Enquirer: 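Quick one: the structure is below, questions incoming.
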Amino acid sequence: MTHVMVLPELGETIEEAEVQEWMVGIDDEVEDGEPILIMQTDKAALEINATASGRLSKMIVSIGQFVKVGEPVAEIE
């Protein structure tokens, strides 16, 4: 079963963030709550945690890309 991970709410006034770094790679095993992605807002760099356990099967966003809150960022199987 594939779990689509979306960019979570980052703060009241933050609507989007830039992908700064992937901390894991395709086919890496991840645990629910483990930091896997760093996003940069106009105020800070934030670690984004996996929202399911499994294997990272797809990175939907690339480094340097801007993503809106609620948009898909990865797939975990």
Side-chain angles (χ1 to χ4, degrees):
M1 183 171 161
T2 302
H3 172 78
V4 177
M5 190 175 136
V6 299
L7 185 64
E9 181 110 6
L10 302 172
E12 265 183 46
T13 60
I14 300 171
E15 296 178 8
E16 70 177 7
E18 181 181 3
V19 179
Q20 187 172 34
E21 176 186 349
W22 280 98
M23 302 169 76
V24 296
I26 295 292
D27 292 331
D28 285 353
E29 292 292 323
V30 297
E31 294 292 325
D32 188 7
E34 171 186 355
I36 64 168
L37 180 62
I38 298 177
M39 301 293 292
Q40 180 69 48
T41 70
D42 59 341
K43 298 180 184 194
L46 304 168
E47 289 183 346
I48 306 301
N49 297 333
T51 53
S53 295
R55 180 181 61 83
L56 183 70
S57 59
K58 184 176 184 183
M59 296 172 175
I60 297 172
V61 295
S62 303
I63 293 173
Q65 184 176 346
F66 282 86
V67 182
K68 292 185 186 286
V69 170
E71 287 186 341
V73 294
E75 291 181 2
I76 300 172
E77 290 189 23

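Residues: numbered from 1 along the sequence shown. All figures in this text were calculated on a predicted structure; none of them were measured in a lab.
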Enquirer: May I ask whether Trp22 and Met5 are part of the same hydrophobic cluster, defined by side-chain heavy atoms of I, L, V, M, F, W, Y residues being less than 4.5 angstrom apart, directly or through others?
Expert: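 Yes, one cluster joins them.
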Enquirer: Given the rule that I, L, V, M, F, W and Y join up when any side-chain heavy atoms are under 4.5 Å apart, are Ile48 and Val24 in one cluster?
Expert: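 Hydrophobic grouping puts Ile48 with Val24.
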Enquirer: Would you mind reporting whether Asp28 and Glu34 have side-chain heavy atoms less than 4.5 Å apart?
Expert: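 Of all side-chain heavy-atom pairs linking Asp28 with Glu34, none is under 4.5 Å.
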Enquirer: Would you check if the side chain of Ser53 reaches a backbone N or O of Asp32 as a donor-acceptor pair within less than 3.5 Å?
Expert: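 Flag set: sc Ser53 to bb Asp32 pair under 3.5 Å.
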Enquirer: Would you name the heavy atoms of Leu10 and Ala17 that are closest together and state the gap between them?
Expert: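 Result for this residue pair: CD1-CB, 3.8 Å.
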Enquirer: Side chains of residues 60-75: which donor-acceptor partners sit under 3.5 Å, not counting sequence neighbours?
Expert:
residue	atom	partner	partner atom	Å
Gln65	OE1	Ser62	N	3.0
Glu71	OE1	Lys68	N	3.1

Enquirer: For residues Ile76 and Ala52, report the shortest heavy-atom separation together with the two atoms involved.
Expert: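 Shortest heavy-atom contact: CD1-O, 3.8 Å.
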Enquirer: Any chance you could measure Gln40, atom CD, to Leu46, atom CG, to the nearest 0.5 Å?
Expert: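 Reported value, rounded in 0.5 Å steps: 7.5 Å.
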Enquirer: Check the surroundings of atom CD in Glu15: do more than 12 heavy atoms from other residues, nucleotides or ligands lie under 6.0 Å from it?
Expert: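 No, because the 6.0 Å sphere around CD of Glu15 holds 12 heavy atoms or fewer from other groups.
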Enquirer: When rounded to the nearest 0.5 angstrom, what is the spacing between CD in Glu29 and CD in Glu77?
Expert: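 Here the rounded value is 10.5 Å.
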Enquirer: Please report the interatomic distance NE2(His3) to CZ(Arg55), rounded to the nearest 0.5 Å.
Expert: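 That separation rounds to 14.5 Å.
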Enquirer: Which value, rounded to the nearest 0.5 Å, describes the distance between Met39 atom CE and Gln20 atom CD?
Expert: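 Nearest 0.5 Å value for the CE-CD distance: 9.5 Å.
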Enquirer: Please determine whether residues Ile38 and Met59 belong to a single hydrophobic cluster, defined as Ile, Leu, Val, Met, Phe, Trp and Tyr linked transitively by side-chain heavy-atom distances below 4.5 Å.
Expert: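 As far as the 4.5 Å side-chain criterion goes, Met59 and Ile38 are not connected within one cluster.
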Enquirer: About how many Å separate CG of Asp27 and OG of Ser57, when rounded to the nearest 0.5 Å?
Expert: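 Answer for the OG-CG pair, Ser57 versus Asp27, is 8.0 Å.
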Enquirer: First locate atom OG1 of Thr13, then atom NZ of Lys43, and finally report the distance between them rounded to the nearest 0.5 Å.
Expert: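 Those atoms lie 4.0 Å apart.
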